[in-house]
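Please read the structure below before turning to the comments.
Just so it is clear, the structure is predicted and the values come from calculations on it, not from any experiment. Just so it is clear: chains get the letters A, B, ... in the order the sequence lines come, proteins before strands, and each one is counted from 1.
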Amino acid sequence: MTRIGRRASRPVREPAELEQIPVWAPPDDADGQQAPDGTAGLLAGLNAEQRRAVTHGDGPLLVVAGAGTGKTQVITRRIAWLIATRRARPSQILALTFTDKAAEEMQARVDQLVPYGYTDTAVSTFHAFGDRLIREFALELGLPPDTRVLSRPETVIFMRERLFEFELDQYRPLGEPTRFLGALATLFSRCKDEDVSPERYVRHAMELGTALASGEPHDPDHPLSETDERLAAAENARRQLELARAYARYQELLGRAGLIDFGDQVSLALRLLRESASARQEIQHRFRYVLVDEFQDTNRAQAELVELIAAHHGNVTVVGDDDQSIYKFRGAAISNILDFRRRHPRARQIILRRNYRSRAPILDASYRLIRFNDPDRLEFRNGIDKRLRPERTGGERPVRQIAFATGSEEADWIAREISDRIGKGARAREFAILVRANSDADPVLRSLNMASVPWRFSGTSGLYARPEIRLLLAFLRSVADLSSSVDVYALAASDVYGLGGPDLTAIVNTARRRNRSLWEIVEELTRQPGLLRLAPDTRASLERLVADLRRYSEIAHEKPAGEVLYEFLRGSGLLARLASAQSVSAEEALQNVARFFDIVRAQSDLLPDDRVIFVARHLQTLIDAGDDPATAEIDSEADAVAVLTVHKAKGLEFPVVFMVGLVDGRFPARTRREQLALPVELVDEALPEGDPHVQEERRLFYVGMTRARDELVLTYAADYGGRRARRASQFVLEALDVPAIGAGVAATDTAEAATAVAASEGAASGAASPPSPAAAGARSPLERLTSFEPAASPAEPGREPVEGPLSLSFYQVDDYLTCPLKYKYVHVLRVPIAPHHSIVYGSALHQAVQEFHRRQARGYVMSEDELIAAFERAWSNEGFLTREHEEARLAAGRAALRRFREGQLLPEAVVPAYVEKDFTFSLDGDRIRGRMDRVDVERLAVDSADPTALPDTPTPALQADTTTPTLPGLHPERVTITDYKSSDVRDPVRARERARDSLQLQIYAMAYQAETGRLPDALQLWFLESGLVGRVEVEEKKLEKARESIRRAAKGIRARQFGASPDYIACGYCAFRDICPASAAR
DNA sequence: GTGTAGGTACTACAC
DNA sequence: GTACCTACAC
């Protein structure tokens, strides 16, 4: 399509001038036929249905446009047609899309069809459109004219800064007050998607409470008893009210600050149309035609907005395909499209069936698959036929499924296959590899690298995780706070200074031993070289590190953060190194650095002060709030294999598509409940008859399949590193119409995988014959990959295994088992870390309780004031989020101690036999040491000697009976070991589970046995905040498991194996996550 | 059937 | 940490 006409010099006209607009004649049809209204060119090349859709006159129109049917053509040509036939001036047309990218593309196409000067049609995203309305009518909405829009991470920071202005209890645990902020932000955003106002949410929550009070009759079939059901309902009502009020407060605080969030861009526009009659009239009058792309992905609020704008004239065209609705998780209401005709009985419906993209076998398989979503499909519900008819015929290849033994074989095979075909003349850009989740791409990318196949991966995050950016962040944090040893350590150990080995260990250990920060020690070392014996090159690097940090700290007071950062990049030689390296990775790193600079600049602009100390802190808060931009992508036009998620692939097409990792649990992904879900009563969406999650996953699979033009390959493996063999995705079976082949689908080696390929290619349906299950007996790759094998990670280079006995505390064992690298940071390198508020709180509580017990042993009962004074003496104000947070924790601690003291004053309370009891015992020649909080030794009455008869309370109702004679074979006393916990456990079941799984308690049991020759009877965790106690009996089986864990840790520590074992959760809580090269956090 | 232990995954994307 | 599933014991 070529551009025609020239930009009109005339200004935009008022509606009254409409009739004077000169008729713009589009180019004629190629065959010379001219339509009477001069629009033939616009209709050229369209099929009959498309033409009908484009030339639909007034009134509602639903265009059901399946994959590859020319949907965008229809919308853009319809816009051009409406203009060309003078049904509307360009500015009277509103076209709405979801993404900026889609809006841009559509605008470009409209520009090609309509001459310059006529293209002031509003092609924009819902959000951009809403934003424009909000600003135009800011006065009506009571907003300042310069309202700023907060991104999601920014809303989290906004709430964090005002955390104690919310009335929260359940959703602001003091041990981790920010824990639910992300979930709250999601919930509030979902409310806006679903057009639920704070008032409505609060009303709903109140009604839950009233319904409870008025007493609904108990359903005898309900699984819970009447009492339990009432309790659960009351708890739910309470929580919902807490959430609803938090939502109302959030809106109130935003309003007060003159800010809005993304959700508001639509919901406020909606409110404007609802509440201001004049604004409504004006807007309805302004837009005579409304067109919506991807209508199946609109949420409730967006659909409502469209309805209101078009309510007056009903000129609304929606284009979509219910089978491609894949954004339910962000509010897409498939009922919008399913119910369109019910809401608009006069609506015309046009179905586009001709598919210009895919060959017949691909369409057949896709259709077979999607039919499994019946009856919850438009086709079934409205009794229509929307099966796609292939326009591209000939040269068909069957859809293939290929099974592999392992994920790496799967990835290798694909890489080799693509590489071979490129060798035979294919272009890399003809291939796409679709994954369900971004993380599924890693093995594929590795294999493509190995096969030297160029690729581009469109991840949407990961910038801050890049090593070059982590280094810059560590630098900024170091300069902002020289006492941050973790960051100074990361900087020292980086390539820039190259420190390491025993010298660095010695330096760090000195810092820890002398209770000083790493910076203080390195700084002292340059002034007093005699402090430690160090290698000359270590000394030189240290001098440089200290001089640099001094210099940068100095200029950081004068210059903005961006300049300091640039100085570092230049001064350290990093910039030169990256710029001169001729590798793709260096180029990428450079671009990532550039991107990071943009962020530093943009965020600096928002702050009242743009110097490092403020910018560094702000950036960290932003990262903690979940900000995670994409990494740089070099040359998106390059000839490379596209590796992308199915979501990202929507709207694209490729000659050859591989869908990988197609196993149960990955695709379909397993269902996960939202952390805080909007109550179903507030969601105005009819439930489908089938499983909504599986249906959405099936639609996603359908979208993936229909990206393929000529060839589609579905692959999966039995072994993705887990212990269990994986089963093929049900979707593969549905699409290819093969019976389920159950577990053990994988071939045992690549030769067999190749057989599977051959079998697939021969079969008409493209189905593979099920390969034989993995050979039994021998250790499977599954086991080899996942079993914890210290030998798997190499010992520290240049270090001999530790000779002689180790001395280990429980914390050392526990840290090693969590992650060997964490063990190294904490116990070998001993990098000093800033105290966490939970540690401050826990240790103050402990100290107060222990003092109470010590005095108690001497016959003195501390008064409440004395106990609390002891608590406050042990307090330190480090690590708390805010002053309010610290106050809240202090108050919680005082309350816990009062409760604790009262329990101890009851007549049946037990006076502990030992407190703070140190121990050491030997296990396989290693020394295990530690300290027990509390040991109780109770004399038992004979008839109470059955320990299982004891109640689960912290103060067992037992009478000490000194006259009871000792019976042979029976312990006349009952020994209980207690560990006090300050963590927030409010559920007795949880308390017991925690005790059951506690390695610490098992170690205490062993220690007691080693010292006294007998095992204790019970072990318990005492949660001071709730007063709950989780208790377990001692069992040999558990003890042996605990010994096994200790041995495993000891073996690894002895061999100096400190390879990281990154874990999603453990990394998230690790103090070293910001500097750890292996961190899996975020 | 019920309880326990062990294994697994902690999305997808955008304004 | 935790929700959920499966296998297995009783």
Name the atoms and distances for all side-chain donor-acceptor pairs under 3.5 Å in residues 694-706 of chain A, with sequence neighbours left out.
| residue | atom | partner | partner atom | Å |
| --- | --- | --- | --- | --- |
| Gln695(A) | NE2 | Asp376(A) | OD2 | 2.7 |
| Glu696(A) | OE1 | Arg699(A) | NH2 | 3.0 |
| Glu696(A) | OE2 | Lys328(A) | N | 3.0 |
| Glu697(A) | OE1 | Arg436(A) | NE | 3.0 |
| Glu697(A) | OE1 | Ala669(A) | N | 3.0 |
| Glu697(A) | OE2 | Arg436(A) | NH2 | 2.8 |
| Arg698(A) | NE | Glu734(A) | OE1 | 2.8 |
| Arg698(A) | NH1 | Asn373(A) | OD1 | 2.6 |
| Arg698(A) | NH2 | Glu734(A) | OE1 | 3.3 |
| Arg698(A) | NH2 | Glu734(A) | OE2 | 2.9 |
| Arg699(A) | NE | Ser325(A) | O | 2.6 |
| Thr706(A) | OG1 | Tyr702(A) | O | 2.8 |
| Thr706(A) | OG1 | Val703(A) | O | 3.1 |

How is the base pairing of DNA chain B summarised as a dot-bracket string, given the Watson-Crick and G-U wobble criteria with both distances under 3.5 Å, [ ] for crossing and | for another strand? ||||||||||.....
Can you pull every protein N or O that's under 3.5 Å from an N or O on nucleotides 1-4 of chain B?
none

Test ring-ring contact (aromatic ring centres under 6.0 Å, His included) applied to Tyr811(A) - qualifying residues, sequence neighbours left out: none
Using ring-ring contact (aromatic ring centres under 6.0 Å, His included) as the criterion, list what pairs up with Tyr171(A), not counting sequence neighbours. Phe180(A)
side-chain hydrogen bond (donor to acceptor under 3.5 Å, both in side chains) involving [X] - partner list, sequence neighbours excluded:
X         : value
Asp815(A) : His827(A)
Asp987(A) : none
Asn336(A) : Thr298(A), Arg300(A)

Would you give a per-nucleotide map of nucleotides 10-15 of chain B, 5' to 3', where B means the base has a protein non-hydrogen atom under 4.0 Å away, S means only the sugar-phosphate does, and - means neither? SBBBSB
Suppose we screen for salt bridge (charged side-chain N to carboxylate O under 4.0 Å, His left out). Which residues come up paired with [X], at least two apart in sequence or across chains?
X         : answer
Arg330(A) : none
Lys71(A)  : Asp293(A), Glu294(A)
Arg994(A) : none

Touch class at under 4.0 angstrom, heavy-atom based, for Lys328(A) against every strand present: nothing
Please state the C1' separation for the pair dT2(C) and dC13(B) - nearest whole angstrom. 25 Å
